[in-house]
Each structure stands twice: as structure tokens, then as C-alpha cells.
2 protein chains.
Amino acid sequence: MTSSSRHLYQQIADDIRAQIADGTLVAGDQLPTEAELQERYDTSRHTARTAIAHLVQEGLVISRRPRGHFVRERRPMVYRPQSEFKRKPPELDIFMTLMADDGRMAAQDIDVAIVEGSPDVRQRLQLADGELAAVRRRVRKVEGEPYNINDSYFRLSDVQGSEIMHPANVERGTNQVMDELGIGQAKCLDEIYVRMPTPDESHRLQLLPGTPVAVHIVTGFDGDERPVQCVVNVLAGDRHVIVYERIRPQAESNQ
Amino acid sequence: MTSSSRHLYQQIADDIRAQIADGTLVAGDQLPTEAELQERYDTSRHTARTAIAHLVQEGLVISRRPRGHFVRERRPMVYRPQSEFKRKPPELDIFMTLMADDGRMAAQDIDVAIVEGSPDVRQRLQLADGELAAVRRRVRKVEGEPYNINDSYFRLSDVQGSEIMHPANVERGTNQVMDELGIGQAKCLDEIYVRMPTPDESHRLQLLPGTPVAVHIVTGFDGDERPVQCVVNVLAGDRHVIVYERIRPQAESNQ
DNA sequence: CAGCGGGCATTGTCCGGTCAATCCGAACCA
DNA sequence: TGGTTCGGATTGACCGGACAATGCCCGCTG
């Protein structure tokens, strides 16, 4: 069927991948079982397994033991870092309607702690030696499934005794609270890293094998360029699209 | 050493992962060989291999056959979607200096073609049935290593006969050319998807196993909300940080 | 008809092995 | 001294096998 220079497990994977690409196999379909592949390609179970394992690592296929392997589906939700600063809901949504954005934030587990913070966080908050941070840790869930991990770090001295330290949902938003505390953000810097999850993240987000994560770090600065907040978001790659809108600086129509 | 309920290959992987986390093993260090692990944990080579394979898929470890397995290093370059629209180089670079941003764009291979375009692209450009697109495909390299794939799609009717159709570097930038053609962009929409690479992408970007990609799609609109350009960037996850700056709308200091 | 339980198909974890491919370095030769 | 050859260490690609874990279905039972 395929060329002979490639390894057998690659040929098997290629064949299945091609079937997924051309629509012979669609999302939700079951793949041939390991035993079937073993027979069809006249090989060992080990080689058939290796082929499937590669497809799993590519995020194309999931295993539902002991039912078999299935073609994976992908339904990303829109993740919009800018919405934090925007009053109006976004316009510019030509194709957005495709996305499954219906299911609402059902729940979020919140806990608050006083911590040292990782070097990454300490650096971004420009904490002095020995200075501590407060962190609000949230796991956001949609329909029971965890969607992202959201850890917001503050200088402890900025927020001590405030509403931010209470492990309850702040209805009007923590940004509003920060404004009231006189540490409102004037601008912020977003960094997005892409990598495979740690086993811990994988567990907390209930990620399937072959699912990378996006780490979105927001460092907020007040009017004097002083960092006042550092938010670390870990997003499941298969459940998100990150969206930004950009307007050209000297644009004529700034509706 | 570790608990017994977890599987043996997981224990081995956990131990090595812990050593990487706590600095016993640092970037570039060699891992124990499969034979060593086999003996140390009194197991089969297969199990030792499985443990290492997991670490490879997590992006923590690379194989340099036949020298052994090594702790992977990560040196991301800053990728700044907004720079396209900014005249001045960015300010707000408190910790940016950490990043290895020194090596310059050494080369980029360009080719131009007239294509139908994938459904994704057609939809974003709002192409009518049968309408064709022009595409400038680029692979950008730094020091010989490919860094990202950059495919810019245009409506063929917009750019036919223009400089954009020439497979050569356009010194003053294609955006400038588009302005001159009267199809300048007023705003644009960025989408960022995170997933594992296809084998083709993996090959073109020379990705190591366990490296996800970010797909950054920019749809550019003119003053009348008409899409005039759609750029698809595929970025190697281990070689990029995506960075945005955001200024609060009604900010007082808009320096 | 509902609930329980046991068989069964399938994947997951392990064991054992062989041979090939690859890079390094040391030994050897010109 | 400089190049070349060759062996060794290591990973990669396969083979074969055994048993465990897990849902699902079906048939039995109350």
C-alpha cells in the first residue's frame, strides 16, 4: 500500500492518518483494533500498538479502554485575553459563531494563599528578597470539565486585608477591586508559551495524551510601570482558541 | 524509592522528572542509559524505554542516537504579532532581555502560488465559490534552523500583477505594498491554536518529538470590514514566546 | 422488569529476545 | 601528522509471549 523505506509502524500510522484526513474516518469513529491491524499488516501486536501510540501522541486519536481507539474531536472555546479591559462585547465576529461558546462558566474552585512564588512570578512582580506574594488560585470548569487553571499573584503588601484575599467569587471583578485599592492597571504584557503539560497539569485539567497546553502569563502594570499583578493561565490546547483584536494605530475609523 | 501503586515505568519517569525539576539533572546532561535503568530498577529494557519515551513526549528529554538521552533545553525567541503595526520598537521590556533575541533572521525561502486555499482560509477571506487566492509561502530560518512557516493568502483579484506576486523579499514590507494598492489593513483578528504538529510540519520545522506548535492565524480587514489578507503562521513551540502588549482603553498616560 | 453478575473483547503493563542503524573514538596506516 | 577503518556503546525497530484491568453486553435471577 505504501512505500517500503518507511518503517512499518509509520506506514500503519500514515494509512490511518490519511483516512482521517480524507474523511474515511471521521471524529468519533472507531479505529481498527490492534489485533485487526496486526493481522492486516501481518505484524506483531507491538508494532500495531506503536503505530496507534504515535497517533495518540499527535492528538488525532484517543483510547477508550477497553472499547478501542477512536478518532478524536476538537471543539475549541474562544479565550479572549482582551475582554478583561473591554466594556462592550466584541464586534468583529465573522466566523466566531462556529465555536461552541454557549456553555457557561458553571463553576470555579477558588483558594487563596500566601506564597513565595516561583522565580518566574517573582521576577515579573519584581519582588524583593523575602517579599511575599498573595495568590488566588482558580480552576475554571465548564459543564464539570476543567477548562483552565488561573493563578493570580499580587504583592502581599498591596492586597493584604482586601477582598482579594477572600476565597470567594468577587462579583464585580478583581480588577475593579484593584482600582479601588489604588493599584489599577494601566497596561499589561501578555506572554504565551506552548509546551506539553506536566503530569500535575495533565491531571488537574484532565488532559488526554497528545494534548499540549498554552501558558498565558499576564503581567499588569500601574501608571508608574510598577508590576502589580501576575496571572498565570494554563489552557488545555484542545479546548481553546486564543483570540486578539488589533486596530492599526493611526486608523481613521475607530468606532 | 517511590510508591508502589504507580506503574514501574511511571516510577522511573517520575524519578527522572524529579531530578530534572530539582536540578540534579540540568539541561544538556545525559540521562542514565536504558541498560543502566534496566539494571537499577531490576526490570526489562522495554520498561526502561517506555519510561524514557514518556519523558521525550513531554518534551523534557531528547534522544541523540546513539549517544544517549539528554535533558532538553529551551531558548525561546520573542514573537511579537503587534510589531507589524508598530513603528517604534517596543518599550515595556523589563525582563525581555533574558530571551535569546540576538540571532538575526538569516534567510527566508519564499515561493508564490495561486491556489484554492483550505476551507479555513477561504472562510476567513470570504472567497466566493471558484474565487482563487494568491499565497506567499515563507519558511523563516535563524542560523540555518527553521523557525516558522508563514503563508500569507490574498484575494487573487486584489494582488494580481503586483509586487506581492513576486517570489522575492519585499524590502519595504508587503503591508506597505498593500497600502499602495489601496487595500491597507485597518484592523485584524489574531487566532492562536495549540496542537501537536502534523508529520509534514514536524519535518519542515525539524521539530523534535514532544514539541507542540502554535498556529497563529491573522485575518486582516480594510476600513470596510472586508478581509484582505489571511496569514497562517506555524510556530515551533519550543522556540517561541508569543508576546502582546495591551493598554487600557481610557488610560491617562498613552505614551 | 430491574438489578446483578459473569464472560468477553480490548487495551495496558510487563517479560524475554534479535538484528539494524548510528555516532564516537581509538587504533591503525600512509 | 592526517586520514581512514573498524569496533563498541547506545538507541531504534521489530518479534514473540503472559497476565491484568476495564467497561460492556447479555443472560440469569428475584
Side-chain angles (χ1 to χ4, degrees), chain A residues 1-16 25 28-72 199 202-203 206-210, chain B residues 1-16 25 28-72 199 202-203 206-210:
Chain A
M1 293 295 144
T2 39
S3 87
S4 60
S5 66
R6 263 174 96 72
H7 295 292
L8 180 52
Y9 78 88
Q10 289 176 329
Q11 291 180 31
I12 300 176
D14 288 350
D15 288 352
I16 296 173
L25 288 169
D29 282 1
Q30 179 166 11
L31 265 60
T33 66
E34 295 171 359
E36 275 171 32
L37 290 174
Q38 177 176 351
E39 197 181 357
R40 189 180 304 174
Y41 288 89
D42 188 29
T43 179
S44 68
R45 186 180 160 214
H46 178 70
T47 301
R49 275 182 72 72
T50 305
I52 293 178
H54 273 76
L55 298 172
V56 170
Q57 289 305 335
E58 286 170 30
L60 290 177
V61 160
I62 60 168
S63 161
R64 289 202 222 153
R65 184 190 183 194
R67 290 175 41 200
H69 288 97
F70 297 82
V71 180
R72 188 165 171 178
S202 198
H203 177 251
Q206 291 180 237
L207 299 178
L208 295 168
Chain B
M1 292 292 146
T2 39
S3 87
S4 60
S5 68
R6 263 174 96 71
H7 295 291
L8 179 52
Y9 78 88
Q10 289 175 331
Q11 291 181 32
I12 300 175
D14 288 350
D15 287 352
I16 296 173
L25 287 169
D29 282 0
Q30 180 167 11
L31 266 60
T33 65
E34 296 171 0
E36 277 171 31
L37 291 174
Q38 178 176 352
E39 197 181 358
R40 189 179 305 174
Y41 289 89
D42 188 28
T43 180
S44 67
R45 185 178 162 217
H46 179 71
T47 301
R49 276 181 71 72
T50 305
I52 294 178
H54 273 75
L55 298 171
V56 170
Q57 288 304 335
E58 285 170 30
L60 290 176
V61 160
I62 61 168
S63 161
R64 288 202 224 154
R65 184 190 183 197
R67 291 174 41 200
H69 287 98
F70 297 81
V71 180
R72 187 165 173 179
S202 197
H203 177 251
Q206 291 180 237
L207 300 178
L208 295 168

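Naming: A, B, ... by sequence-line order, numbering from 1 per chain. Because only heavy atoms are used, hydrogens play no part in the values below, and waters and symmetry mates are left out as well, while side chains stay in.
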Looking only at non-hydrogen atoms, find the nearest pair between [X] and [Y] and report the distance.
X	Y	result
B:Gln38	B:Ser44	CG-C, 3.8 Å
B:Arg72	B:Pro209	NH1-O, 3.4 Å
A:Gly28	A:Phe70	O-CD2, 3.3 Å

> Where along residues 50-68 of chain B does a heavy atom fall under 4.0 Å from DNA chain D?
Replying inline: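 DNA chain D contact set from residues 50-68 of chain B: B:Ser63, B:Arg65, B:Pro66, B:Gly68.
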
Any chance you could measure [X], atom [atom1], to [Y], atom [atom2], to the nearest 0.5 Å?
X	Y	atom1	atom2	value
B:Leu60	B:Leu31	CG	CG	9.5 Å
B:Gln57	B:Ile52	CD	CD1	13.0 Å
B:Arg40	B:Thr33	CZ	OG1	8.5 Å

> Under a criterion of less than 4.0 angstrom to any heavy atom of chain B, what are the 5'-terminal and 3'-terminal contacting nucleotides of DNA chain C?
Replying inline: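 The footprint of chain B covers C:dT13 to C:dC24.
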
> Once you round it to whole Å, what is the distance between C1' of D:dC15 and CZ of B:Arg49?
Replying inline: 14 Å

> To the nearest Å, how far apart are A:Leu8 CG and D:dG12 P?
Replying inline: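 Nearest whole value for this atom pair: 18 Å.
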
> Which class fits the ring pair A:Tyr9 and A:His54: parallel under 30°, tilted 30 to 60°, perpendicular over 60°?
Replying inline: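 Tilted, since the angle between the ring planes falls between 30° and 60°.
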
> Can you name the one residue among A:Asp14, A:Leu8, A:Asp15 that meets side chain to side chain contact (heavy atoms under 4.5 Å, CB included) with A:Ile12?
Replying inline: A:Leu8

> Is the count of non-hydrogen atoms from other residues, nucleotides or ligands lying under 6.0 Å from B:Gln30 atom CD greater than 12?
Replying inline: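 More than 12 heavy atoms, drawn from other residues, nucleotides or ligands, come within 6.0 Å of this atom.
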
> In this structure, are over 12 heavy atoms from other groups packed under 6.0 Å from A:Glu36 atom CD?
Replying inline: yes

> Is the distance from OP1 or OP2 of D:dA13 to the nearest side-chain N or O of A:Tyr9 less than 4.0 Å?
Replying inline: yes

> Under 4.0 Å between a side-chain N or O of B:His69 and OP1 or OP2 of D:dT11?
Replying inline: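 Yes, because at least one side-chain N or O of B:His69 sits under 4.0 Å from OP1 or OP2 of D:dT11.
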
Can you give me the N/O atom pairs linking the protein to nucleotides 16-19 of chain D at distances under 3.5 Å, or say none if there are none?
none

